[in-house]
Number of protein chains: 2
Amino acid sequence: MTDAALAPSDAPVAATRSVTARALSILGVFSMERPSLTLSEISRATGLPVATVYRLAGELEEGRFLDRDEDGRYSLGLYLWEMGMLTPVHGRLREIAMPFLLNLQYTCRETVQLAVIDGIDAIYIEKLSMVESAPVQSRIGARIPLHATGVGKALLAFSSPTFVDTVLGMPLMRFTDETTTSRHTLAKQLAQIVDDGYARSRAEYLVGSTSIAAPVLVSGVVKAAIGIVNYEDTNLDEWAPALLHASQALGARLEELRWGTKEEKK
Amino acid sequence: MTDAALAPSDAPVAATRSVTARALSILGVFSMERPSLTLSEISRATGLPVATVYRLAGELEEGRFLDRDEDGRYSLGLYLWEMGMLTPVHGRLREIAMPFLLNLQYTCRETVQLAVIDGIDAIYIEKLSMVESAPVQSRIGARIPLHATGVGKALLAFSSPTFVDTVLGMPLMRFTDETTTSRHTLAKQLAQIVDDGYARSRAEYLVGSTSIAAPVLVSGVVKAAIGIVNYEDTNLDEWAPALLHASQALGARLEELRWGTKEEKK
DNA sequence: AACACTTTTTTCATTGAGTGAAAGCACCGC
DNA sequence: GCGGTGCTTTCACTCAATGAAAAAAGTGTT
């Protein structure tokens with residue numbers, strides 16, 4: 001990505017008038033690709049005048065939301081990470097899921113992942129891998145399409161019909177030759193997944209990657225999905241029983257812990 | 001914690017005049033103990049007028065920094081978690097450390113933890129446990145004293161003399177009967193730890209918990225510490241070789257990856 | 001070492017975004 | 001129906017945020 005991509009013309013972004021929104025938009029310009037930025041880069045990326053960014057970034061730094069290294073480059077602060085750890089996805093889901101994921105990982109020794117739905121994407125909440133295999137696409141925090149991965153399809157298959165319709169109503173992006181882009185085929189696959197209890201995916205999102213994934217159901221609604229992936233294109237079905245056991249056990253545990261959460265209204 | 005603890009009188013907190021600082025202070029009132037709050041609770045906790053909190057929280061919600069459930073309660077938003085994942089501790093440390101931690105966990109099957117220094121505390125960055133053993137004190141994101149835990153002492157022992165002096169200069173809080181509170185004794189322990197290459201701790205912070213921990217050195221400076229803990233008071237020294245292997249391998253890996261970081265200036 | 005260029009920091013007069021008291025609603029429990 | 005509490009909206013006032021501009025500090029080129 002060149003600097004030109006951040007030219008003011010490309011950034012009608014923060015046409016917002018409110019101070020708060022401006023400050024938040026500063027935090028928003030950091031990304032996996034650009035984990036640290038200079039003052040003027042932020043200014044260009046947000047479309048805000050340097051002087052304004054200077055002041056706001058200063059306040060964010062004061063609040064420990066931003067760090068500034070000796071070169072003057074800004075990066076997201078540790079405090080932000082600490083807050084992330086207070087978030088429900090972490091405290092109420094990842095924390096509780098961890099022992100189940102570890103046990104599963106221990107059993108099959110493949111990469112294990114946990115994902116949830118956010119908007120019309122899936123997000124990886126956790127990924128346990130004993131090797132440094134990490135293709136960028138499957139980093140923790142990464143957003144991935146619901147129609148083209150194991151966990152995605154597991155999440156979708158057990159979602160409400162109206163939500164499925166919404167997703168099927170949108171263009172199904174193609175990522176590889178194997179990506180399912182036909183609504184009809186996908187619908188059939190989803191039905192099959194419900195039948196089987198788990199989803200399979202081969203090279204639909206990333207060439208060479210294979211996965212199986214099962215939903216985590218709490219009182220009948222999908223809260224997450226657990227997946228097993230590898231990047232060697234070997235068959236994973238032998239692990240289906242272990243996967244199902246883990247996802248069901250986690251679901252049961254979450255149900256047990258539903259200390260007064262009234263989320264079933266949804 | 002009663003609600004009285006949040007009474008206005010206790011909260012001269014946000015005497016700040018700046019809008020940004022006010023908005024950020026709203027995020028700051030969420031904690032492990034209070035992961036979700038109502039509008040008026042936030043108002044009391046921050047000392048800001050309800051109307052102000054109403055507006056600011058509304059903007060934070062718009063920016064997806066806060067979530068609001070159907071009951072109107074606010075909680076920290078998923079976006080905040082996503083940002084946490086972009087933070088250096090996650091992307092540059094945890095991500096890289098994970099395979100090493102998993103391998104260690106796989107070897108010894110005890111709880112494995114990763115911690116770094118922040119200010120004069122240690123912070124747990126990761127904790128891998130196959131059982132739901134989690135005492136609140138050792139949650140990921142929790143701050144713990146440098147003088148009273150395995151990872152803490154490992155971090156401290158390999159820190160710069162000036163930093164050690166700073167920490168020894170502060171009151172060493174007592175947590176259990178076993179906590180080392182004498183500067184002199186602690187200094188001797190630290191020297192011993194440097195000699196041994198790893199730290200030991202028994203019930204110094206939490207009764208019944210035992211741990212060993214080794215520093216992760218990158219170009220000779222401590223960047224983190226890896227620890228093995230259990231809560232059954234059994235001896236862990238048998239795992240010292242595996243622990244040292246993991247921490248050294250991680251250190252080497254981090255050194256290898258230091259793509260242009262000029263942190264050695266420090 | 002002087003020059004052209006970029007980035008960061010500081011200043012300051014101007015103004016409109018943020019403010020919060022107060023009133024209006026909504027929702028309890030009694 | 002009636003106090004009590006919490007959430008939302010309004011609005012006149014004002015002070016904090018603004019950003020152009022100048023100064024300062026750095027970076028690279030000839």
Side-chain angles (χ1 to χ4, degrees), chain A residues 2-9 11-27 29-30 34 36-63 65-75 260 262 265, chain B residues 2-9 11-27 29-30 34 36-63 65-75 260 262 265:
Chain A
T2 74
D3 212 69
L6 294 177
S9 50
V13 186
T16 328
R17 284 292 95 199
S18 120
V19 207
T20 313
R22 288 176 181 199
L24 300 183
S25 81
I26 290 179
L27 297 176
V29 299
F30 292 86
R34 312 190 121 245
S36 82
L37 294 163
T38 68
L39 181 62
S40 40
E41 282 170 344
I42 297 175
S43 164
R44 283 193 292 270
T46 55
L48 298 170
V50 249
T52 302
V53 175
Y54 180 72
R55 233 175 324 105
L56 293 179
E59 291 200 76
L60 289 168
E61 190 190 357
E62 184 128 358
F65 283 71
L66 285 182
D67 270 347
R68 196 162 198 198
D69 62 24
E70 49 280 10
D71 301 339
R73 299 184 67 86
Y74 294 93
S75 60
K262 304 171 195 163
K265 275 183 187 173
Chain B
T2 73
D3 211 69
L6 293 177
S9 50
V13 187
T16 329
R17 285 292 94 197
S18 119
V19 206
T20 312
R22 288 176 182 200
L24 300 183
S25 81
I26 290 179
L27 296 176
V29 298
F30 292 86
R34 312 190 122 244
S36 80
L37 295 163
T38 67
L39 181 60
S40 38
E41 282 170 345
I42 297 175
S43 164
R44 283 192 293 269
T46 54
L48 297 171
V50 249
T52 303
V53 175
Y54 179 73
R55 229 178 324 107
L56 293 179
E59 292 200 74
L60 289 168
E61 190 191 354
E62 185 129 357
F65 283 71
L66 285 181
D67 271 347
R68 197 162 196 198
D69 62 24
E70 49 281 8
D71 301 340
R73 297 185 69 85
Y74 293 93
S75 59
K262 304 171 195 163
K265 275 182 188 172

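Order of the sequence lines fixes the chain letters, A, B, ..., with proteins taken first and strands second; residue numbering starts at 1 for each chain.
Of the candidates dT19(C), dA17(D), dT8(C), dT19(C) carries the atom nearest the Thr52(B) side chain, counting heavy atoms from C-beta on. Taking every side-chain heavy atom of Pro49(B) into account, dG20(C) is the closest of dG20(C), dG19(D), dT9(C). Which of dT7(C), dG6(D), dT19(C) sits closest to the side chain of Ser40(B) comes down to dG6(D). Considering only the side chain of Ala51(B), dA21(C) comes nearest among dA21(C), dT7(C), dT10(C). Between dG20(C), dT7(C), dC7(D), one nucleotide has an atom nearer to the side chain of Thr38(B) than all others, and that is dC7(D). With dT9(D), dG19(D), dA16(D) as the candidates, the nucleotide lying closest to the side chain of Val19(B) is dA16(D).
Atom CZ of Arg22(B) sits about 15.0 Å away from atom CG of Leu27(B), to the nearest 0.5 Å.
Looking at every heavy atom in both residues, Ala45(A) comes nearest to Val29(A) through CB-CG1, 3.9 Å.
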Residues Arg73(B), Thr38(B); criterion side chain to side chain donor-acceptor pair (under 3.5 Å); working and verdict: CA-CA 5 Å; Arg73(B) 297 185 69 85; Thr38(B) 67; 5.4 Å; no
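Using a 4.0 Å heavy-atom distance criterion, Arg68(B) is classed as a sugar-phosphate-only contact.
In DNA chain C, consecutive stretches of 3 or more Watson-Crick or G-U wobble pairs with both distances under 3.5 Å are given as paired ranges: C:1-30 with D:1-30.
Both Thr20(A) and Gly72(A) lie close to DNA chain C; mapped to their nearest nucleotides by heavy-atom distance, the more 5′-ward contact belongs to Gly72(A).
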